[in-house]
Each structure stands twice: as C-alpha cells, then as structure tokens.
Amino acid sequence: MKNIEKYRNAFMDALELEEEDVSEELALGETREWDSLGHMILISTMEDVFDVSIDAEWMTEFDSYKAGKELLNRLGVDFVNE
Amino acid sequence: MTFISIEFLLFFAGIVFTYYLIPHKWRWILLLAASYSFYATLSGYFVLLLLTSTVFTYFTGILIEKQDTKQQKKRAMLVGICVLLFFLGWFKYFNFVNDSIRAISTYMNWNYAIPYQEIILPLAISFYTFQAVSYLVDISRGKQKAERHYGYFSIYFAFFPQLVAGPIERAKKLLPQFKVEQTLNYDNISYGMKRIAWGFFKKTLIADRLAPIVASVYDSPDPTGSQIVLATILFSVQLYADFSALSDIAIGCARMLGIKLTENFKQPHFATSIGDFWNRWHITLSTWLRDYIFMPLCKGKKKRSEIYVAIIITFLISGIWHGAAWTFVLWGLIHGFYRAFGDHTKHFRGKMATFIHLDQVPSLHKWLQIATTFLLVCFSRVFFRSDSVTAAFENAQHFLSPSSWNPSGIIGAFEMFSLLDLVIFSFFFIVMQLFHYIERKNTSTWNWLSQRPAVARFAVYVLIVVSVLVFGATGQGFVYGGF
C-alpha cells in the first residue's frame with residue numbers, strides 16, 4: 001500500500017470518517033470528529049502507521065490534512081517518490 | 001517581604017535602578033542576589049534547598065546532554081526527575097501519605113508506627129520543581145541545550161518576580177532573555193508599572209476585601225445553604241483576583257527589567273466550556289501538564305476511553321500539585337470528570353441545542369455556556385476551599401440543594417457584607433469587569449487606554465493608585481503562594 005493510502009486510511013481509522021469525508025480541506029477543529037481528543041488519537045495512529053515519533057510541539061503543526069503530510073514528509077515519510 | 005508591601009516596591013525600585021546602571025555582564029549577579037535575598041526574606045531556611053535543587057538540576061542537565069543514546073539520556077533524565085520529585089514529595093507530601101496510611105491502618109486495625117512529622121513546606125517548591133522537570137525533559141528530548149553558565153541557569157530557577165507563584169516558565173523562553181542586553185525602554189517601564197498597579201488593584205480591592213467575608217462563611221460551624229452558594233461564588237472571584245494579581249505583578253516586574261513572561265490568565269470566568277476554562281486559567285501550569293503528563297500518557301492510545309483515563313490522571317496530578325490534601329485530589333478528579341463527561345456528551349448537547357433552537361441565538365447560547373461553566377467551576381471550588389473532606393461534602397450538598405438558590409435566601413446572605421464593604425466591593429468589581437469588557441473588545445485595555453486623551457488616561461491611573469492607597473485591604477497572603 002502506498003504511503004498516501006496509508007495516510008488516508010489513518011484518518012478514516014482514527015477519526016471514524018467515511019472515505020468521501022477525507023479531503024485536502026480537512027482541518028483540526030472544523031469537523032466534529034477531528035476535535036482535540038480525536039487529534040491525540042490521530043497522532044497515535046500516524047505514529048504507528050509510519051513508525052515515527054511526533055513531539056508535543058509538532059502536534060500543533062499537524063492542524064490540517066495538508067499540514068500533516070508536510071510534517072510527516074519532514075519526518076522522512078515520502079508521499080511523492082515511493 | 002511580600003509583593004503587596006512598600007518594602008517590596010522600594011526593593012524593586014532599587015533593583016531596577018541598579019540594573020540599568022551597571023553593565024550587562026554584571027546584571028546576572030544583581031538578579032541572582034536579588035532573587036536569593038527576596039526568597040530568604042520569605043523562606044530563609046530553605047534557600048539551601050533552592051540552591052541544592054539548582055546545583056543538582058544544573059549538573060544533571062549537562063550529564064543528560066553528554067549521554068550518547070536516547071535510551072541513556074532518558075535514563076539519566078528519569079533519575080534526575082526522581083531526585084527532584086523526592087525533594088518535593090518529602091516536603092510536600094510526606095505527612096499527607098503518612099496520615100492517609102495511618103487512617104487506613106486504624107480503620108483496618110493494623111499496627112502503624114510512623115508518627116506525624118513536623119515538616120514545613122518550602123515556599124515555591126512546586127513551581128521551581130516543575131520548571132526543573134521541564135528543563136531536564138527538554139534536554140533529554142533534544143529541544144533544549146544544557147545551560148553551561150551557572151549564573152544564568154540559577155536565575156532561571158530563582159528569578160524573583162515569578163519564583164513564588166509562577167508563571168511556570170520554560171528554559172527555552174526565559175534563558176535567552178537573560179542573556180540579551182536589555183536597554184532602558186520607556187514602553188517596558190510604563191507597561192510594567194501599569195501591570196503592577198493593576199495587580200495591586202485586584203489584590204487589595206477585590207481579593208483581600210473578599211477573603212475575610214468568604215472565610216466567615218467557610219469557617220463558620222453552621223453556614224446556611226445560601227451563604228455557601230454566595231461565599232463560593234465570591235471565593236471564585238477572590239481566587240481569580242488573587243492569583244491573576246500575582247501574575248500581573250510578576251509580569252509587570254519582569255517587564256520593567258526587559259523580560260517578557262508568559263501570560264497566565266485570559267479571563268477564565270468567561271470560558272464557554274471546562275476545556276476552554278483550562279486554556280484560560282493558570283495557562284502555564286495547564287500547558288506544562290499537557291506537554292509533560294497528558295501527551296506522554298496519550299502515546300499509543302487509540303480509543304477515546306483511553307484518552308479519558310489520561311485526562312483524569314492529568315487532572316488528578318493537577319489536584320495533588322495544588323495541595324497535599326484529599327480535598328484537592330477530589331477537586332482534580334471533579335475537573336477530570338467534567339472534561340471527560342463534557343467530551344462524551346458534546347454531540348448530544350449540540351443536538352439538544354439544535355432541537356430547542358438555542359443555536360439560532362448564538363449570543364444567548366454562548367452566555368448560557370459561560371454561566372454553566374462558571375457554576376461547574378464554582379462547585380469544584382467548594383472542594384478547593386473546604387478544610388476537610390467531610391466539610392467539603394457538607395458544603396457541596398448545600399451548594400447543590402435547590403433551596404440554597406432561593407433568591408430571597410441569596411439576598412439575605414449578602415448580610416455577610418457590611419453596607420460600606422458591599423458598596424466598595426461592588427464599585428471596584430464593576431471597574432474590573434469594565435476592564436475585562438474592554439479587553440474582550442480590544443485585546444489590550446492598556447493599548448486602548450493609550451489611544452485615549454491624556455487627561456482620561458491619567459484619570460484612570462490616578463483612580464487605580466488612589467483607590468489602592470485609600471480603600472486597599474492588605475494582610476492576606478496569596479492563595480497560590482502556599483503551593
């Protein structure tokens with residue numbers, strides 16, 4: 001499975017979203033599923049799926065679908081050349 | 001020498017004058033001498049403990065940094081934290097644990113021989129221990145370099161404006177500011193003086209005027225339900241005015257030295273939920289607990305129920321941090337329960353608001369949320385204020401009893417004020433609320449004031465200073481000063 005698919009699936013698993021609900025526009029606090037506690041579950045899921053460690057100060061950076069990809073990219077997860 | 005004293009103002013004026021007079025390279029010595037002198041006047045015997053904790057944390061920080069692997073760093077950090085928590089535990093929690101075990105032993109008919117120990121709580125130990133823990137954790141995580149300059153490091157530990165009751169600062173923010181050469185700046189001096197004056201205003205005209213009135217009810221052997229309701233609401237106002245005043249004075253003093261401390265309050269009694277309340281009350285403690293307790297506890301958790309457990313543990317620690325008594329443990333648990341319950345029922349409450357069309361009147365909805373949150377916070381403060389668990393449950397029963405909320409009973413309870421006290425308190429309470437109102441509309445009342453004509457501006461400053469001098473009540477210590 002490609003990283004981008006793993007990434008989308010992580011959103012669906014952690015936030016209990018349907019496939020069509022996961023879009024580039026998804027952002028923290030703008031849907032009832034992605035609230036502050038849902039965010040903690042999402043971070044844990046991302047850490048497990050991509051085997052990375054997301055520090056407390058980075059957690060606040062992960063505030064949208066796009067920002068999450070950028071952060072994971074900095075942590076070595078390649079979404080383009082895989 | 002407490003913050004609210006002429007001695008402190010003279011002492012501080014002397015420090016500011018000397019600070020800008022001497023070269024930057026000597027200023028750390030002045031700040032350190034001032035910090036230790038200030039602490040010595042409050043808790044002389046324990047300067048040695050402060051010094052020991054500082055030396056220990058300084059060398060442990062360097063030791064952690066020198067470790068090769070993450071695992072070794074973590075091990076060194078844990079040893080360091082255990083030692084710091086041993087100091088805190090010994091002085092703050094020994095008798096709490098000892099008494100609790102003795103009570104259980106008596107109940108179970110066990111033989112328990114360790115007697116009560118006369119242990120005095122060193123002032124500010126909770127605050128500087130938390131700063132030390134965050135320093136060691138940040139070094140171990142690679143977010144902070146171990147400070148090699150012992151002088152600067154010691155000031156981070158003992159900086160006198162915020163030593164007694166915070167704000168709890170991170171080394172990453174505070175240490176670099178000590179190293180930068182601060183120049184005499186009109187804006188800093190002016191802003192600092194205004195914040196200090198505002199702190200004096202809240203402390204002497206709100207908090208200390210309410211303290212004896214609240215105490216007259218909570219120390220009474222048989223208060224009425226309405227008295228408990230009114231005294232608890234007043235205690236919430238007192239606690240806010242007291243603690244935020246302390247932060248105002250700390251922030252103001254530091255600013256006069258060119259140092260920016262973190263804001264600790266954002267009008268918490270206007271919070272729309274318990275989560276929001278903790279984003280506005282004692283912010284530096286809340287963020288400390290979030291970063292060093294809650295988030296590590298959340299690692300690997302993928303169910304809401306598991307996150308709820310982490311929330312409750314975090315609030316339990318917050319309660320124990322506030323005081324070594326079961327009343328504080330219960331207070332922390334109540335907030336943990338509020339937060340978890342609030343999250344669990346969020347969607348249902350949202351649906352209810354839609355069902356009764358409340359969400360179509362957003363301002364009414366918001367004010368109902370604010371009132372509900374305030375009353376929930378007030379209920380928890382029955383436990384914060386009561387002297388024992390038995391008294392807390394009795395007072396809580398009073399607070400929850402519908403008859404205690406009878407308007408005629410509440411009006412009658414105002415007899416705890418003398419007429420003069422009531423008029424004075426009401427006037428200054430309205431002034432404080434006006435200040436808050438402008439703040440909510442303009443983000444900074446001080447900036448808003450600076451845009452008013454000079455006469456209006458100075459009238460406000462004179463009102464603040466003269467009110468403190470004429471009507472200010474003193475003599476009560478800071479509630480958070482004891483933590």
Side-chain angles (χ1 to χ4, degrees), chain A residues 1 3 5-22 26-65 67-68 70-77, chain B residues 70-71 73-74 134 137-144 170 172-173 273-279 286-314 336 338-351 353-354 359:
Chain A
M1 193 186 287
N3 282 339
E5 288 166 327
K6 287 184 192 171
Y7 185 67
R8 283 178 64 82
N9 286 345
F11 268 94
M12 289 189 273
D13 288 347
L15 303 178
E16 296 175 5
L17 293 170
E18 298 298 323
E19 196 167 0
E20 60 271 21
D21 296 329
V22 182
L26 203 59
L28 172 65
E30 286 180 19
T31 60
R32 64 171 209 177
E33 291 84 3
W34 196 355
D35 59 4
S36 57
L37 298 198
H39 190 60
M40 301 307 299
I41 297 168
L42 180 66
I43 295 290
S44 289
T45 308
M46 291 294 173
E47 286 184 329
D48 262 13
V49 169
F50 294 110
D51 194 23
V52 292
S53 179
I54 301 174
D55 282 343
E57 63 186 40
W58 296 338
M59 282 185 198
T60 50
E61 271 184 49
F62 197 143
D63 59 358
S64 69
Y65 184 90
E70 285 161 17
L71 173 67
L72 287 170
N73 193 250
R74 287 212 308 277
L75 294 173
V77 181
Chain B
K70 268 191 174 180
Q71 202 63 30
K73 283 179 197 283
K74 197 172 175 183
S134 69
V137 173
D138 286 354
I139 292 175
S140 149
R141 288 176 178 172
K143 290 179 187 168
Q144 169 71 40
R170 309 284 171 89
K172 199 177 180 179
K173 179 174 178 183
S273 67
I274 292 296
D276 188 27
F277 173 80
W278 284 103
N279 287 331
S286 300
T287 49
W288 192 99
L289 290 167
R290 182 196 66 195
D291 293 348
Y292 301 105
I293 306 287
F294 177 65
M295 283 182 172
L297 283 174
C298 282
K299 281 274 173 193
K301 304 289 184 290
K302 297 209 190 75
K303 288 182 187 160
R304 281 213 171 224
S305 55
E306 291 174 324
I307 306 274
Y308 292 160
V309 173
I311 287 174
I312 289 169
I313 293 172
T314 307
Y338 281 165
R339 187 72 181 84
F341 183 79
D343 182 80
H344 193 66
T345 59
K346 196 167 68 179
H347 302 325
F348 172 73
R349 286 183 291 117
K351 279 180 186 168
T354 310
D359 53 356

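Just so we're on the same page: letters track the sequence lines, and every chain starts at 1.
Not counting sequence neighbours, the partners of S273(B) by the side chain to side chain contact (heavy atoms under 4.5 Å, CB included) test are D276(B). Evaluation of the side chain to side chain contact (heavy atoms under 4.5 Å, CB included) rule for K172(B) yields E57(A), Q144(B) as partners, not counting sequence neighbours.
By the neighbour-count criterion of 12 heavy atoms within 6.0 Å, atom NE2 of H344(B) is sparsely surrounded, having that number or fewer from other residues, nucleotides or ligands. More than 12 heavy atoms of other residues, nucleotides or ligands lie within 6.0 Å of NZ in K173(B), so this atom counts as buried by the packing criterion.
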Which atom pairs, donor and acceptor, lie under 3.5 Å between side-chain atoms of residues 35-51 of chain A and protein residues at least two apart or in another chain?
| unit_1 | atom_1 | unit_2 | atom_2 | d |
| --- | --- | --- | --- | --- |
| D35(A) | OD1 | L37(A) | N | 3.4 |
| D35(A) | OD1 | G38(A) | N | 2.8 |
| D35(A) | OD1 | R304(B) | NH2 | 2.6 |
| D35(A) | OD2 | R304(B) | NH1 | 3.2 |
| D35(A) | OD2 | R304(B) | NH2 | 3.2 |
| D35(A) | OD2 | K346(B) | NZ | 2.7 |
| S36(A) | OG | R339(B) | NH2 | 3.4 |
| H39(A) | ND1 | W34(A) | NE1 | 3.0 |
| H39(A) | NE2 | M59(A) | O | 2.8 |
| S44(A) | OG | M40(A) | O | 3.3 |
| S44(A) | OG | C298(B) | O | 3.2 |
| S44(A) | OG | G300(B) | N | 3.2 |
| S44(A) | OG | K301(B) | N | 3.4 |
| S44(A) | OG | K301(B) | O | 3.2 |
| T45(A) | OG1 | I41(A) | O | 2.7 |
| E47(A) | OE1 | K299(B) | NZ | 3.4 |
| E47(A) | OE2 | I54(A) | N | 2.7 |
| E47(A) | OE2 | K299(B) | NZ | 2.4 |
| D48(A) | OD2 | K302(B) | NZ | 2.3 |

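The part of Y308(B) that comes within reach of chain A is its side chain, from C-beta onward, which places non-hydrogen atoms under 4.5 angstrom from that chain. Heavy atoms closer than 4.5 Å to chain A are found in the side chain of K143(B), but not in its backbone.
Within residues 6-20 of chain A, no residue has any heavy atom less than 4.5 Å from a heavy atom of chain B.
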